[in-house]
Amino acid sequence: MDVGYHSYETESTHTAGKVITCKAAVAWGPGQPLVIEDVQVAPPQKMEVRVKILFTSICHTDLSSWKGENEAQRAYPRILGHEAAGIVESVGEGVEDMKIGDHVIPFFQGECGTCICCRSQKTNLCQKFGVNPLKSVMVNDGKTRFSTMDGNPIFHFLNTSTFSQYTVLDSACVVKIDTKAPLEKMSLLSCGVSTGVGAAWNVANVQPGSSVAIFGLGAVGLAVAEGARVRGASKIIGVDINPSKFFKGKAVGITEFINPKDLDVPVHEKIGAITEGGVDYSFECVGNLEVLREAFLSTHTVTPSSYHPASDFPVSCCPPLIIKVWHAYTGMGTDCTTGDSPKPNVAASPSNGVI
């Protein structure tokens with residue numbers, strides 16, 4: 001899809017600085033069908049960007065939030081969605097790194113670039129724009145940019161709200177991309193692909209010749225496989241109860257597949273048997289406590305006696321959706337869990353403390 005800068009700049013001159021009426025999928029309550037309806041989208045304020053969304057994807061996190069599985073995160077009416085690609089329609093005061101017509105992807109894990117976390121090489125949890133499922137308004141003034149046709153506020157979601165033809169984001173939550181990149185494929189960079197590849201590259205730091213196990217072969221799990229393959233992992237084991245995932249996994253580098261339904265022993269025992277005691281890196285991409293346990297036990301020289309149930313520890317102070325990693329304190333394997341779970345105790349480390 002080729003959208004020329006000049007043609008879009010001309011189109012935007014008619015809408016910049018004005019309220020836009022467009023279609024959006026609005027969630028009015030937990031589990032209620034999304035309603036496609038007209039909404040009003042206000043102009044961007046200081047350090048904000050208004051984006052015309054051309055493509056958006058559905059992530060399991062959207063599903064969990066739509067269901068309202070975590071009561072503390074409920075806020076309605078709300079526009080969900082956080083994986084997308086689009087074009088900048090207008091920018092607010094102070095935005096200098098983006099302009100009308102730029103191709104962009106929204107990013108729920110924003111970066112101010114100046115806080116102690118942004119200056120650190122050990123975390124990407126920006127203190128100001130870091131992902132926060134409880135946040136439902138803009139940082140600038142604590143208000144929404146969405147409203148119903150009669151003027152009532154509609155809440156934001158994960159700094160993004162992409163289930164709308166237009167959305168307003170903090171400029172810290174928008175990334176400009178090459179105009180030659182196909183926008184219909186770029187939406188996955190907003191979450192699934194960046195999460196999985198980032199887990200393999202930046203968090204676990206998979207090394208050449210190493211062995212890897214991946215639990216759950218959805219978009220994130222397959223992205224982990226791709227990241228591990230590019231890093232030179234020699235053995236990449238995919239674990240999933242859906243055998244159709246194995247064909248997709250093979251295309252991105254998975255070398256062996258395990259379907260837990262076909263086993264008479266726990267998965268970690270099977271993995272231990274084919275890897276001389278366990279893998280170097282194990283990734284949990286499901287958000288399930290029992291799966292997390294199996295992933296942990298699948299790393300090198302970890303035994304069930306060294307495992308402490310996650311429920312024994314307090315809830316992690318980190319918000320969901322952030323990659324979390326720990327080291328097995330009785331061995332040398334590394335376990336990494338990615339994604340979001342409605343059960344907060346999944347975020348607690350099963351080794352010797354809190355993530």
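The chain is numbered in sequence order, starting from 1.
Test Ile274, Val212, Ile214, Ile254 against Ile237 for side-chain contact (heavy atoms from CB on, under 4.5 Å) and you get one pass: Ile274. For the pairing with Thr61, the side-chain contact (heavy atoms from CB on, under 4.5 Å) check across Leu80, Leu158, Val131 returns one residue only, Leu158.
Summarising the geometry, atom CE belonging to Met47 is positioned 11.5 Å from atom CE belonging to Met138; distances are rounded to the nearest 0.5 Å. How far CZ of Phe55 is from CD of Glu184: 5.0 Å, rounded to the nearest 0.5 Å. Taken from NE2 in His300 to OH in Tyr281, the straight-line distance is 9.5 Å, to the nearest 0.5 Å. A distance of 11.5 Å separates OG1 in Thr160 from CD1 in Ile105, rounded to the nearest 0.5 Å. Atom OG1 of residue Thr255 and atom CD1 of residue Ile236 lie 6.0 Å apart, to the nearest 0.5 angstrom. In this structure, OG on Ser190 lies 8.5 Å from CZ on Phe108, to the nearest 0.5 angstrom.
Follow the hydrophobic side-chain contacts under 4.5 Å out from Val137 and you never reach Val19; the two are in separate clusters. Phe155 and Val39 sit in two unconnected hydrophobic clusters of ILVMFWY residues. Membership requires side-chain heavy atoms under 4.5 Å apart, directly or through other members. Hydrophobic clustering, with ILVMFWY side chains joined whenever heavy atoms are under 4.5 angstrom apart, keeps Ile241 apart from Val291. In the hydrophobic clustering of ILVMFWY residues, with side-chain heavy atoms under 4.5 Å counting as a link, Val139 and Val49 come out apart.
Residues Thr144 and Pro153 share a closest heavy-atom pair of OG1-CB, 3.5 Å. Between Val220 and Cys285, the closest heavy-atom pair is CG1-SG, 4.1 Å. When all heavy atoms are compared, the tightest approach of Gln32 to Trp66 is O-NE1, 2.6 Å. The shortest heavy-atom contact between Cys173 and Gly110 is SG-CA, 3.7 Å. Between Phe246 and Phe257, the shortest heavy-atom contact is O-CZ, 3.0 Å. Scanning all heavy atoms of the two residues, the minimum distance from Leu217 to Lys245 falls at O-CD, 3.3 Å.
Side-chain atoms of Gln45 come within 3.5 Å of backbone atoms of Pro43 as a donor-acceptor pair (strictly under, hydrogens ignored). Asp170 places no side-chain N or O within donor-acceptor distance of the main-chain N or O of Ala172, the cut-off being under 3.5 Å. Between the side chain of Ser210 and the backbone N or O of Gln207, at least one donor-acceptor pair lies under 3.5 Å. Asp62 places a side-chain N or O within donor-acceptor distance of the main-chain N or O of Gly81, the cut-off being under 3.5 Å. Glu294 places no side-chain N or O within donor-acceptor distance of the main-chain N or O of Leu297, the cut-off being under 3.5 Å. Panel note: side chain Ser282, backbone Ala295; a donor-acceptor pair is recorded below 3.5 Å. Of the possible donor and acceptor atoms, one in the side chain of Ser161 sits under 3.5 Å from a partner among the backbone N and O of Phe157. Using a distance-only test at 3.5 Å, with no hydrogens or angles considered, a donor-acceptor pair links the side chain of Thr299 to the main chain of Phe296. Between the side chain of Thr162 and the backbone N or O of Thr56 there is no donor-acceptor pair closer than 3.5 Å. Between the Thr167 side chain and the Ser164 main chain, no donor and acceptor come within less than 3.5 Å of each other.
Enclosure of atom NZ in Lys270 is not indicated, since only 12 or fewer non-hydrogen atoms of other residues, nucleotides or ligands lie within 6.0 angstrom. More than 12 heavy atoms of other shown residues, nucleotides or ligands fall within 6.0 angstrom of atom CG in Leu134. By the 6.0 Å contact criterion, CG on Asp264 is open, its count of non-hydrogen atoms from other residues, nucleotides or ligands being 12 or less. Leu63 CG: more than 12 foreign heavy atoms inside a 6.0 Å radius.
With salt bridges taken as basic N to acidic carboxylate O contacts below 4.0 Å, one links Arg229 and Glu226. Residues Glu48 and Arg145 are paired through a salt bridge, judged by an N-O separation under 4.0 Å between the basic side chain and the carboxylate. Using a cutoff of 4.0 Å between basic side-chain nitrogens and carboxylate oxygens, Lys52 and Glu89 are not scored as salt-bridged. Salt-bridge formation is detected for the pair Glu256/Lys235: a Lys NZ or Arg NE/NH1/NH2 atom is positioned less than 4.0 Å from an Asp or Glu carboxylate oxygen.
Contact of the Gln165 side chain with the Ile53 side chain is not registered, since no non-hydrogen atoms from C-beta on lie closer than 4.5 Å. In this structure, the side chains of Ser90 and Pro44 come closer than 4.5 Å at one or more pairs of heavy atoms. Using a 4.5 Å heavy-atom threshold, the side chains of His82 and Cys59 count as touching. Between Val88 and Lys99, the closest side-chain pair of non-hydrogen atoms is not below 4.5 Å. At least one side-chain heavy atom of Leu125 sits less than 4.5 Å from a side-chain heavy atom of Gln109. The shortest side-chain heavy-atom distance between Val26 and Leu34 does not fall under the 4.5 Å cut-off. With a 4.5 Å cut-off on side-chain heavy atoms, Asn205 and Asn202 do not count as touching. Counting heavy atoms from C-beta on, the side chains of Leu169 and Asn159 never come closer than 4.5 Å.
For Glu83, there are no salt bridge (Lys or Arg N to Asp or Glu O under 4.0 Å) partners at least two apart in sequence or on another chain.
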Under the criterion side-chain contact (heavy atoms from CB on, under 4.5 Å), I'd like the reasoning laid out for Asn152 against Asp150: C-alpha separation, chi angles, the key distance, then a yes or no. CA-CA 6 Å; Asn152 293 318; Asp150 55 4; 3.4 Å; yes
Should Cys112 and Gln127 be marked as a side-chain contact (heavy atoms from CB on, under 4.5 Å) after you check the CA-CA gap, both sets of side-chain angles, and the distance that decides it? CA-CA 8 Å; Cys112 70; Gln127 292 178 319; over 6 Å; no
Please lay out, stage by stage, how Val224 and Val197 fare under the test side-chain contact (heavy atoms from CB on, under 4.5 Å). CA-CA 5 Å; Val224 170; Val197 173; over 6 Å; no
Would you please test Trp201 and Val230 for side-chain contact (heavy atoms from CB on, under 4.5 Å) and show each step? CA-CA 9 Å; Trp201 290 3; Val230 172; 3.8 Å; yes
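Residues Asp38 and Thr21 bring no donor and acceptor atom of their side chains to less than 3.5 Å of each other. For Ser57 and Ser187, the side-chain atoms include at least one donor-acceptor pair closer than 3.5 Å. Under the 3.5 Å distance criterion, with hydrogens and angles disregarded, no donor-acceptor pair is assigned to the side chains of Asp178 and His103.
Counting only residues at least two apart or in different chains, ring-ring contact (aromatic ring centres under 6.0 Å, His included) contacts with residues 110-148 comprise Phe146-His156.
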